[in-house]
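Contents: one structure, followed by commentary.
Residue numbers run from 1 in the order of the sequence given.
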Amino acid sequence: MDYISTTCVIAGGGPAGLMAGYLLARAGVDVTVLEKHKDFLRDFRGDTIHPSTLEIMHELGLLERFLNLPHSEIRHLTVEIGRQKFTVGDFARLSTRCKFLGLMPQWDFLDFLAHEARKFPHFRLLMQTEARDLLMSGKRMAGVLAKGPSGAVLVRAGLTIAADGRHSILRDKSRLPKKEIGAPFDVLWLKLPTQRGDPVDIVGRVMGGQFFVMLWRDAYWQCALGIPKGSFDEIRREGITGFRARLRSIAGFARDRVETVTGFDQVKLLTVAVDRLEQWARPGFLCIGDAAHAMSPVGGVGVNLAIQDAVAAANILGPVMRRGAPKLADLKKVQRRREWPTRVVQWAQVAAQNRIIAPTLRAARTPEPPLVLKLLQRYPALQRIPAQLVGVGVRPEHVRFETDMVHLGQPRLEIVPPPVVIPIHQHRR
Ligand SMILES: Cc1cc2nc3c(=O)[nH]c(=O)nc-3n(C[C@H](O)[C@H](O)[C@H](O)COP(=O)(O)OP(=O)(O)OC[C@H]3O[C@@H](n4cnc5c(N)ncnc54)[C@H](O)[C@@H]3O)c2cc1C
């Protein structure tokens with residue numbers, strides 16, 4: 001077994017975990033991030049970089065370098081219902097520095113953050129290291145037991161952050177109470193080739209009882225087909241020819257490319273979950289991002305929310321951790337700050353799921369465009385509202401700017417983790 005002692009261990013190298021790791025290391029905290037995969041190269045990640053995330057990159061002095069990476073800039077949110085096209089949001093109307101939504105493969109974004117974080121001497125990223133259990137010391141969480149490439153790793157820590165996504169192991173182990181909200185649909189994730197002249201954009205289409213989203217990824221379109229929850233087996237029974245016919249009816253300008261889908265091994269089922277913890281923290285332990293609140297893909301806002309959680313956590317805990325281990329009251333402040341924006345966004349997602357997506361999938365016909373879409377066309381100034389909700393969200397976070405937060409020397413304070421730790425399931429309740 002390998003032993004590591006750190007001030008803060010973060011399980012999960014997704015947007016929430018890496019941003020929290022970067023910011024805490026920047027504030028002088030000794031941080032260890034564990035990521036279970038050997039790289040960030042998985043294609044089922046949201047690719048949207050929101051104007052408010054770009055604002056944070058600017059506040060960190062990273063924006064210019066970041067925008068040198070290949071990306072595309074989406075200025076409008078559009079949706080097609082049947083044969084009608086509607087502009088829903090206009091990012092040019094935002095007051096943010098970047099008046100667009102960036103589209104970049106998420107692995108490039110995460111590689112960039114990891115590269116920048118490694119410049120802080122007390123930031124450690126352990127790839128291929130999966131957190132499997134929580135450790136306790138007395139009544140406090142005291143780190144994680146993980147499985148690394150060469151065996152077990154015991155990480156003792158003054159603070160443990162779960163940022164391990166919507167199927168979070170650590171959240172389950174902590175037994176924090178959770179409210180299941182649910183989603184009536186799942187997503188089939190597949191690729192179609194791009195061709196010269198394609199719109200470099202996000203395409204959302206609702207037609208004939210189906211909805212389809214296409215994200216431009218230069219060499220190919222990353223496509224998401226919404227299906228009623230639990231219906232993938234039935235679709236598979238239709239065979240690949242039947243599936244291609246389905247795709248053809250919704251793929252619009254890319255309909256002639258569906259022949260490139262030759263088998264169901266090219267189609268990945270992504271189950272959609274929506275839930276929220278009632279309590280995000282226990283002594284020595286905090287959940288952020290999807291681990292605290294699994295987001296629906298509706299509106300493509302989960303990545304932004306995860307980043308905002310990370311910024312709030314670092315703003316609140318960074319200064320506290322210069323003095324010592326955070327108390328439960330400090331951790332609860334993170335929930336107090338972020339729970340309201342989470343509730344608002346989940347409320348909007350659930351409304352869209354129940355009022356638009358579920359009836360569309362059930363009725364197997366193209367729905368009538370809702371009145372609100374017609375109003376947005378007639379009064380374009382209103383397009384600022386959806387742009388603000390999607391691009392910035394409610395209660396956007398800002399990096400606290402004290403220059404002495406940027407710390408390149410030894411960690412400011414080593415919180416000595418407790419010497420005796422036991423796995424949580426062995427802990428006497
Ligand atoms: C089909 C689908 C499409 C979506 N599309 C978008 C979109 O376009 N835009 C958008 O903003 N949001 C989108 N979302 C939502 C978005 O993906 C999430 O809200 C967001 O990724 C949450 O970020 P996170 O860092 O909390 O978790 P994640 O992104 O899930 O990251 C968690 C990380 O932890 C790692 N991990 C997991 N378990 C462990 C462990 N035990 N030990 C160590 N590491 C572990 C994982 O490998 C992963 O890297 C989509 C969601 C779905 C389901």
Run the side-chain donor-acceptor check on residues 176-184: report pairs under 3.5 Å with partners two or more places apart or on a different chain.
| unit_1 | atom_1 | unit_2 | atom_2 | d |
| --- | --- | --- | --- | --- |
| Lys178 | NZ | Glu180 | OE2 | 3.2 |

request  = Scan residues 299-319 for pairs that pass salt bridge (Lys or Arg N to Asp or Glu O under 4.0 Å), counting only residues two or more places apart or in two chains.
outcome  = Asp309-Arg338
message = Tell me every residue that passes ring-ring contact (aromatic ring centres under 6.0 Å, His included) with Phe91, counting only those two or more places apart in sequence or in another chain.
response = none
query = Trp221 and Asp198: side chain to side chain donor-acceptor pair (under 3.5 Å), yes or no, with the steps?
reply = CA-CA 10 Å; Trp221 285 98; Asp198 281 355; 2.9 Å; yes
request  = Not counting sequence neighbours, list each pair that qualifies as a ring pair (Phe, Tyr, Trp, His ring centres under 6.0 Å) and has a residue in residues 284-333.
outcome  = Trp280-His293
remark   = Sorted by chain and number, sequence neighbours left out, ring-ring contact (aromatic ring centres under 6.0 Å, His included) with Phe243 holds for Phe264
message = Show me the pairs that pass salt bridge (Lys or Arg N to Asp or Glu O under 4.0 Å) and involve residues 142-151, at least two apart or across chains.
response = none
ask   = Thinking salt bridges, do Glu73 and Arg75 make one under a 4.0 Å N-O criterion?
value = yes
query = Which pairs, with at least one residue in residues 91-113 and sequence neighbours excluded, count as a salt bridge (Lys or Arg N to Asp or Glu O under 4.0 Å)?
reply = Asp90-Arg93
inquiry  = So, using ring-ring contact (aromatic ring centres under 6.0 Å, His included) as the criterion, who are the partners of Phe66 when residues are at least two apart?
reply    = Phe109, Phe112
key: Partners meeting side-chain contact (heavy atoms from CB on, under 4.5 Å) with Asn68 (sequence neighbours left out)   = none
note = Smallest heavy-atom separation, Ala20 atom then Ala310 atom, equals N-CB, 3.5 Å
task = Could I get the full list of salt bridge (Lys or Arg N to Asp or Glu O under 4.0 Å) partners for Asp265, not counting sequence neighbours?
result = none
message = Once side-chain hydrogen bond (donor to acceptor under 3.5 Å, both in side chains) is applied, what residue pairs with a partner in residues 349-361 remain, sequence neighbours excluded?
response = Ser296-Gln353
ask   = Taking only residues two or more places apart in sequence or in another chain, which ones pass ring-ring contact (aromatic ring centres under 6.0 Å, His included) with Phe86?
value = none
